[in-house]
Amino acid sequence: MERTEKCLLKLDRMNKALRNERPDRVPVSDFFWGGFIRRWRKELNLLDDANPYTYYDLDWLVTYPNLDPHIQPFEIVREDEIEVVVKTGFGATIRKKFDFPMPEFAAFETDTIEKLQAFEFDSPRDPRRFYEGGDNQIAGVGDGFERNSPPWVETIKALRPEIPVYGSVIECSECLTRMIGQANYLLWIAMYPDELGACINRIGQFYLDLTKAQIEAANGLIDGMVIWGDVAYKQTMLFDPEYWRQYFKPWVKQIIEECHKHNLPVIYHGCGNVELILEDFMEIGLDGYNPLEVKAGLDYTELKERYGKRMAYCGNNDIQLWESNDLELIRKETIRKVEAGKEGGYIFQSDHSVSSDVSGKTYDYIVKLAREYGTN
């Protein structure tokens, strides 16, 4: 399971970019929808098992252990050739239409503050999370649908000789969205701020402990960590930033500190306009922020000028522009972004993930541009 020389070069490239040091070139990678991969294969006349990570020799990817509060098989509520409705380990009932890109949250078992207060998590250290295959919501119900995801540690072992591999964990906001729904979550902040705050602290402890267990299970096999958590939308924060600072920030800080104890850099993935708390992430030592959505008014070149080398940035390429497949506009924006990132502090990706509306030929063009103009 020795790593190739090329993989070690990618790892050095990623780490330098996240430390705001000058890499040999700007790192390039992304998150890909299954619909895009199928389109990409067809348009480029590739084999049925081709994937962008190996085809383009991309610089990093993310893996998912079982992060569900309860470790259990999906309960199939309904299934036909059009859709499947399942109940997951988050207690969420999710409707996944196979022809639609993303699923719909239909119902939540935890639908009162009292149920949330009484909720009991399965052990964060349960070995099934890391060493056994099975159903889990984050890996299995998204733009695709997958049963019996393979064992996490075995997945890492298969990938890491060729590409840097990050683990991942969700934070309190992401857990609440998946367990009780965003509408309840935001309403309960207003109705039960103290009671919900106590629940957030329980959730935070659970995912901190799961982070520790994940690092132990990986036993040196992962190269970094992604924290998933959305707390903003297109305009600004979803709720009062002071509430975030009181209840959410301390747990993100502790997860970052735990990762740093093991020399693992951390990238936080949070959609929307997070400018009100961006300095908070810098204060608690976050290495890189993703995805920096352009439609939310964010531009990493402006942030880099404003904040200097306090943090690195990952993403910020307008997926709506990529979906237009306007190669001239894409060329100008791609060159602008990668040239600004050549000194370090930037990982080239979309500002969320590569959707099915992006042409395979367009993405091929983008990667080649990023490599050509992002090389030092």
**Student:** Mind checking whether F31 and W60 have parallel, tilted or perpendicular rings, split at 30° and 60°?
**Tutor:**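 Answer is perpendicular, since the angle exceeds 60°.
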
**Student:** As a test of understanding, state which of W40, Y55, Y53, Y56 forms a ring pair (Phe, Tyr, Trp, His ring centres under 6.0 Å) with F32.
**Tutor:** Y53

**Student:** Classify the ring geometry between Y268 and F281 as parallel (under 30°), tilted (30 to 60°) or perpendicular (over 60°).
**Tutor:**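 Correct class here is tilted.
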
**Student:** Kindly assign one of parallel, tilted or perpendicular to the pair H269 and W228, based on the angle between their ring planes and the thresholds 30° and 60°.
**Tutor:**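 Taking W228 first and then H269, their aromatic rings sit tilted (interplane angle of 30° to 60°).
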
**Student:** Which class fits the ring pair F248 and Y185: parallel under 30°, tilted 30 to 60°, perpendicular over 60°?
**Tutor:**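 Rings of F248 and Y185: tilted, 30 to 60°.
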
**Student:** The criterion is side chain to side chain donor-acceptor pair (under 3.5 Å); which residues satisfy it with K309, sequence neighbours excluded?
**Tutor:**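 Partners of K309 by the side chain to side chain donor-acceptor pair (under 3.5 Å) criterion come out as none, since no residue qualifies.
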
**Student:** F239 vs Y243 aromatic rings, parallel, tilted or perpendicular, using cut-offs 30° and 60°?
**Tutor:** perpendicular

**Student:** Taking K96 first and then E104, would you say they form a salt bridge - that is, a charged N and a carboxylate O separated by under 4.0 Å?
**Tutor:**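 Between E104 and K96 there is no salt bridge, as every charged N stays at least 4.0 Å from the carboxylate O atoms.
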
**Student:** Where does the angle between the aromatic ring planes of H70 and F119 fall among parallel (under 30°), tilted (30 to 60°) and perpendicular (over 60°)?
**Tutor:** parallel

**Student:** Hey, is the main chain of T362 close enough, under 3.5 Å, to the side chain of N325 for a donor-acceptor pair?
**Tutor:** no

**Student:** Taking 4.0 angstrom as the limit, do K10 and E162 come out as a salt bridge?
**Tutor:**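 Salt bridge absent between K10 and E162.
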
**Student:** Do the ring planes of F121 and Y207 sit parallel (below 30°), tilted (30 to 60°) or perpendicular (above 60°)?
**Tutor:**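 The arrangement is perpendicular - the two ring planes meet at more than 60°.
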
